[in-house]
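First the structure, in the form of structure tokens, and then the observations on it.
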Amino acid sequence: MVDVPQLVAQAREGRPRAVARLISLVEGAAPELREVMAALAPLTGGAYVVGLTGSPGVGKSTTTSALVTAYRKAGRRVGVLAVDPSSPFSGGALLGDRVRMSDHASDPGVYIRSMATRGHLGGLAWAAPQAIRVLDAAGCEVILVETVGVGQSEVEIASQADTSVVLLAPGMGDGIQAAKAGILEIGDVYVVNKADRDGADATARELNHMLGLGESRAPGDWRPPIVKTVAARGEGVDEVVEALEKHRAWMEERGVLARRRLARASREVETIAVTTLRSRIGDLSGDRHLGALAERVVAGETDPYRAADELVAGLTNGG
């Protein structure tokens, strides 16, 4: 039996094991999940969520670690969700390399969690929104969400973060060309990492050119900055934090942050509703009504859309 109120109270005190248990309940879609979310609801809304995305090899993990260091120096409590394409139970690498986060492992002001995508497309785990709520309620002031690094399909991070950071690096071949149709369209801040390599200036110029193509911004609109960093040495990281804070201030001033969070909550509710309906339909896989509808479709007596309408009507009416 899970004592949800006690777990939530312990998470609020910053106890890592309680936070870990709550996120495990989220990932496992435990029966207590509804009670957990109800208990967390009044405790959320204070965290600033930053998403980091980019093609494999650009240094997302190193940049995430460097940002943790910068925010901790500023006295902020930090949560990290590292979305891992492999199972979290297999001992897979955290943030690509556990060594990169070793400096933060014993810091009580940092909570790090690796989550599996479990086949979910878009670079994020399906349970990420609820996990973000857990970290928010646990008192994390900044939550860094690092995606798996699958390239231009990682655009989903833009719907989960307050601010999206897109990372690139010189020497990645056609990295910008490969990304331009996807992740280059979602960034609020762009980072050219590994700027000590040849071609960093050219990468920044090409990126600036691409961002300017078709640009139609009104006076006062946000123009995504391009920051060059060498995250492995901590160079340029303070400038990234400064850019993030400027974007947050701009969003708060213009009401953009509130609108983004409202849209995020809407998508979360919709996803839960669709998942619930899908599970109910799945329960009907052997149902005689569904079988009869399928037979009518095969016989040409009705079409799939009308059959689906009947099925949905039956579900929504409790049939």
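From Lys228, atom NZ reaches atom CD1 of Ile226 across 10.0 Å, with rounding to the nearest 0.5 Å. Rounding to the nearest 0.5 angstrom, the gap separating the CD atom in Gln10 from the CG atom in Leu22 is 9.0 Å. Rounding to the nearest 0.5 Å gives a distance of 5.5 Å between CH2 of Trp222 and NE2 of His247. Here the straight-line distance linking atom OG of Ser55 with atom CG of Leu167 works out to 10.0 Å at 0.5 Å rounding. Taking CZ from Arg223 and CG from Asn208, the interatomic distance works out to 5.0 Å, rounded to the nearest 0.5 Å. Trp250 CH2 to Leu257 CG: the interatomic distance, rounded to the nearest 0.5 Å, is 10.5 Å.
Side-chain contact of Arg197 with Thr203: a donor-acceptor pair under 3.5 Å is absent, judged by distance alone. Of the N and O atoms on the side chains of Gln160 and Glu268, not one donor lies less than 3.5 Å from an acceptor on the other residue. A donor atom on one side chain and an acceptor atom on the other are not found under 3.5 Å apart for Thr229 and Glu239.
Closest heavy-atom contact between Ala66 and Ala231: CB-O, 4.0 Å. Among all heavy-atom pairs drawn from Val80 and Leu135, the shortest one is N-CD1, 4.3 Å. Nearest heavy atom pair, residue Val230 against residue Ala195, reads CG2-N, 3.9 Å. Closest of all the heavy-atom pairs between Gly187 and Pro224 is O-CG, 3.7 Å. A pairwise comparison of heavy atoms in Ala47 and Cys140 identifies CB-O, 3.2 Å as the closest pair. In terms of heavy atoms, Lys194 sits closest to Ala169 at CD-CB, 4.2 Å.
Checked against salt bridge (charged side-chain N to carboxylate O under 4.0 Å, His left out), Glu310 has the following partners two or more places apart in sequence or in another chain: Arg296.
Using a distance-only test at 3.5 Å, with no hydrogens or angles considered, no donor-acceptor pair links the side chain of Arg113 to the main chain of Ala82. In this structure, Thr69 contributes its side chain and Ser65 its backbone to a donor-acceptor pair below 3.5 Å. Counting only distance, with no hydrogens or angles, the side chain of Thr44 and the backbone of Ala41 share a donor-acceptor pair below 3.5 Å. Between the Arg34 side chain and the Ala38 main chain, no donor and acceptor come within less than 3.5 Å of each other. In this structure, Tyr48 contributes its side chain and Leu244 its backbone to a donor-acceptor pair below 3.5 Å.
The shortest side-chain heavy-atom distance between Val165 and Asp188 does not fall under the 4.5 Å cut-off. At a threshold of 4.5 Å between non-hydrogen side-chain atoms, the residues Pro170 and Val192 count as touching. Side-chain contact between Leu168 and Val166: present, with at least one pair of heavy atoms (C-beta onward) separated by less than 4.5 Å. Residues Ile143 and Val145 form a side-chain contact, since some pair of their non-hydrogen atoms from C-beta on lies under 4.5 Å apart. Put simply, the side chain of Arg267 does not reach to within 4.5 Å of the side chain of Pro129, judged on heavy atoms. Contact annotation: the side chain of Ile23 never approaches that of Gln130 to less than 4.5 Å [non-hydrogen atoms, C-beta and beyond]. Two residues are said to be in side-chain contact when any heavy atoms from C-beta on lie closer than 4.5 Å; Thr64 and Thr62 fail this criterion. Counting heavy atoms from C-beta outward, Val36 and Val2 have side chains that stay 4.5 Å or more apart.
No continuous path of hydrophobic side-chain contacts links Leu311 to Val297 [ILVMFWY only; heavy atoms under 4.5 Å]. In this structure, Ile132 is not a member of the same hydrophobic cluster as Ile272, with clusters built from ILVMFWY side-chain heavy atoms closer than 4.5 Å.
With respect to the salt-bridge test (charged N to carboxylate O, under 4.0 angstrom), the residues Glu252 and Lys246 do not qualify. Between Arg21 and Glu32 there is no salt bridge, since no side-chain nitrogen of the basic residue lies less than 4.0 Å from a carboxylate oxygen of the acidic one. Under the 4.0 Å criterion applied to side-chain N and carboxylate O atoms, Arg133 and Asp136 are not assigned as salt-bridge partners. With respect to Arg248 and Asp162, no salt bridge is recorded, no charged nitrogen being found less than 4.0 Å from a carboxylate O. The pair Arg77-Asp107 does not meet the salt-bridge criterion, since no charged nitrogen lies less than 4.0 angstrom from a carboxylate oxygen.
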Inset, instruction - Assess whether side-chain contact (heavy atoms from CB on, under 4.5 Å) is satisfied between Glu141 and Val78, documenting all intermediate values. - result: CA-CA 6 Å; Glu141 298 166 87; Val78 183; over 6 Å; no
Inset, instruction - Quick one: do Leu52 and Leu67 satisfy side-chain contact (heavy atoms from CB on, under 4.5 Å)? Show the steps, please. - result: CA-CA 11 Å; Leu52 294 98; Leu67 285 173; 3.8 Å; yes
Inset, instruction - List the steps, then state whether salt bridge (charged side-chain N to carboxylate O under 4.0 Å, His left out) holds for Asp309 with Arg306. - result: CA-CA 5 Å; Asp309 288 342; Arg306 288 186 179 180; over 6 Å; no
Legend entry - Test side-chain contact (heavy atoms from CB on, under 4.5 Å) applied to Asp238 and Val240, step by step: CA-CA 5 Å; Asp238 289 341; Val240 175; over 6 Å; no
Inset, instruction - Starting from the C-alpha separation in whole Å, work towards a yes-or-no answer on side-chain contact (heavy atoms from CB on, under 4.5 Å) for Val68 and Arg72. - result: CA-CA 6 Å; Val68 171; Arg72 288 301 293 145; 4.1 Å; yes
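Within a 6.0 Å radius of CG in Asp198, other residues, nucleotides and ligands contribute 12 heavy atoms or fewer. Within a 6.0 Å radius of CZ in Arg261, more than 12 heavy atoms belonging to other residues, nucleotides or ligands are found.
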